[in-house]
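Residue numbers start from 1 in every chain, and the chains themselves are labelled A, B, ... in the order their sequence lines are given, proteins ahead of strands.
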There are 2 protein chains.
Amino acid sequence: MSKHSYVMIHQFNNREEGCQEECFHPDIVDRIRKEMPEEKLLEGLAQLFKVLGDNTRIRILNALYQTELCVCDLTSVLGMNQSAVSHQLRVLRDAKIVKSRKKGKNVLYSLDDSHISGLIQLGSEHVHEQ
Amino acid sequence: MSKHSYVMIHQFNNREEGCQEECFHPDIVDRIRKEMPEEKLLEGLAQLFKVLGDNTRIRILNALYQTELCVCDLTSVLGMNQSAVSHQLRVLRDAKIVKSRKKGKNVLYSLDDSHISGLIQLGSEHVHEQ
DNA sequence: TTATCATATGAGTAAACATTCATATGTAAT
DNA sequence: ATTACATATGAATGTTTACTCATATGATAA
């Protein structure tokens, strides 16, 4: 028995909490549960958006969208602490959203994913409509 | 003088923190700063992604992507507390990502933005490539 | 009206997170 | 080698946030 159907049956047998017949539709709930994407995918999605969902990181990405930059220049562009920038770069690197390469004493960062600019584009359209 | 140029000049005059000439490129930093999107837009973007960046909310959106649902059925689909679901629905409503309408004793929720499914689509592609 | 039900919401709590400070690592120039 | 510099990272801290519990609101049915 799949994890999904286990939880579903659990729901069916515990109707003291939740609403009754008029609004509780086992058939609909069942169908939707079956058509939900894999839990792994949903977690990955939430994780991706969580990484994008921070002011500092969004500004980093918008800067890198224009050109490859060293940490130092990024720090200047953002006007913030070098340590804070490095910490956020690590989060972006772990999420495979940016990549880095060494050049002399410096480390140059750039975007590592073709979807990111698309996400920012689409997201901007949503924001503009508010 | 714009806020941007103020911060920029501040940066130029405080080089004790940060890196020196070899990696600090005033011209590049200046250009990037000028071409950065409006701060308002960036904040809105980060806020949008932050709202999408939660496991529960992503699951709600994937359920609503299939059909309009009342809170009660959503609660069953997700297998969680009604209060928790309502709290998250409020976050999604505030962000204009879902909308609601009353029907009898129930409140039916549905997606309110054409961009959201596109964002989920694009995001999924990124996740699949990991 | 009164009782019942579906949803919303405020307060409290524990966990997650962004930033700062101090310092470590690694590279390059002298 | 020694010094200076660019970046990374661990620990500490203040803030944000997701969830739970209790209860409020609002609608329907008896």
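Whole-Å rounding puts the A:Lys105 NZ to D:dC5 P distance at 7 Å. For the pair A:Asn55 CG and D:dT15 P, the interatomic distance rounds to 18 Å; values are reported in whole Å. What separates CG of B:Leu92 from C1' of C:dA8 is a distance of 15 Å, to the nearest Å. Distance, B:Ile60 CD1 to C:dA8 C1': 14 Å, rounded to whole Å. The interatomic distance linking A:Lys102 (NZ) with C:dG26 (C1') rounds to 7 Å, in whole Å. Taking atom CG on B:Leu108 and atom P on C:dT7, their separation rounds to 8 Å, with Å as the unit. B:Leu74 places its CG atom 10 Å from the P atom of C:dA8, with the value rounded to the nearest Å. Rounded to an integer number of Å, the gap from CG of B:Leu78 to C1' of D:dA18 is 14 Å.
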- Protein proximity profile, nucleotides 12-22 of chain C - base contact B, sugar-phosphate-only contact S, no contact -, cut-off 4.0 Å on heavy atoms: -----SSBBBB
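In this structure, B:Tyr109 reaches the C:dA8 phosphate: one of its side-chain N or O atoms is under 4.0 Å from OP1 or OP2. For C:dT7, one of the phosphate oxygens OP1 or OP2 lies less than 4.0 angstrom from a side-chain nitrogen or oxygen of B:Asn106.
For the residue pair A:Gln82 / A:Ser86, a side-chain donor-acceptor distance below 3.5 Å is found, with atom types taken as modelled. Using modelled atom types and a 3.5 Å distance limit, the side chains of A:Asp113 and A:His115 yield a donor-acceptor pair.
Residues A:Ser110 and A:Leu64 are not in side-chain contact: their nearest non-hydrogen atoms beyond the backbone lie 4.5 Å or more apart. Looking only at side-chain heavy atoms (C-beta outward), B:Leu108 and B:Leu69 stay at 4.5 Å or farther from each other. Residues A:Val51 and A:Ile97 are in side-chain contact: their nearest non-hydrogen atoms beyond the backbone lie under 4.5 Å apart.
A salt bridge links A:Glu68 and A:Arg101; the closest N-O separation between the charged side-chain nitrogens and carboxylate oxygens is under 4.0 Å. A salt bridge is defined here as a Lys NZ or Arg NE, NH1 or NH2 lying under 4.0 Å from an Asp or Glu carboxylate O, and B:Asp30 with B:Lys34 meets this definition.
Set against C:dA8, C:dT27, D:dT9, the side chain of A:Arg90 has D:dT9 as its closest nucleotide.
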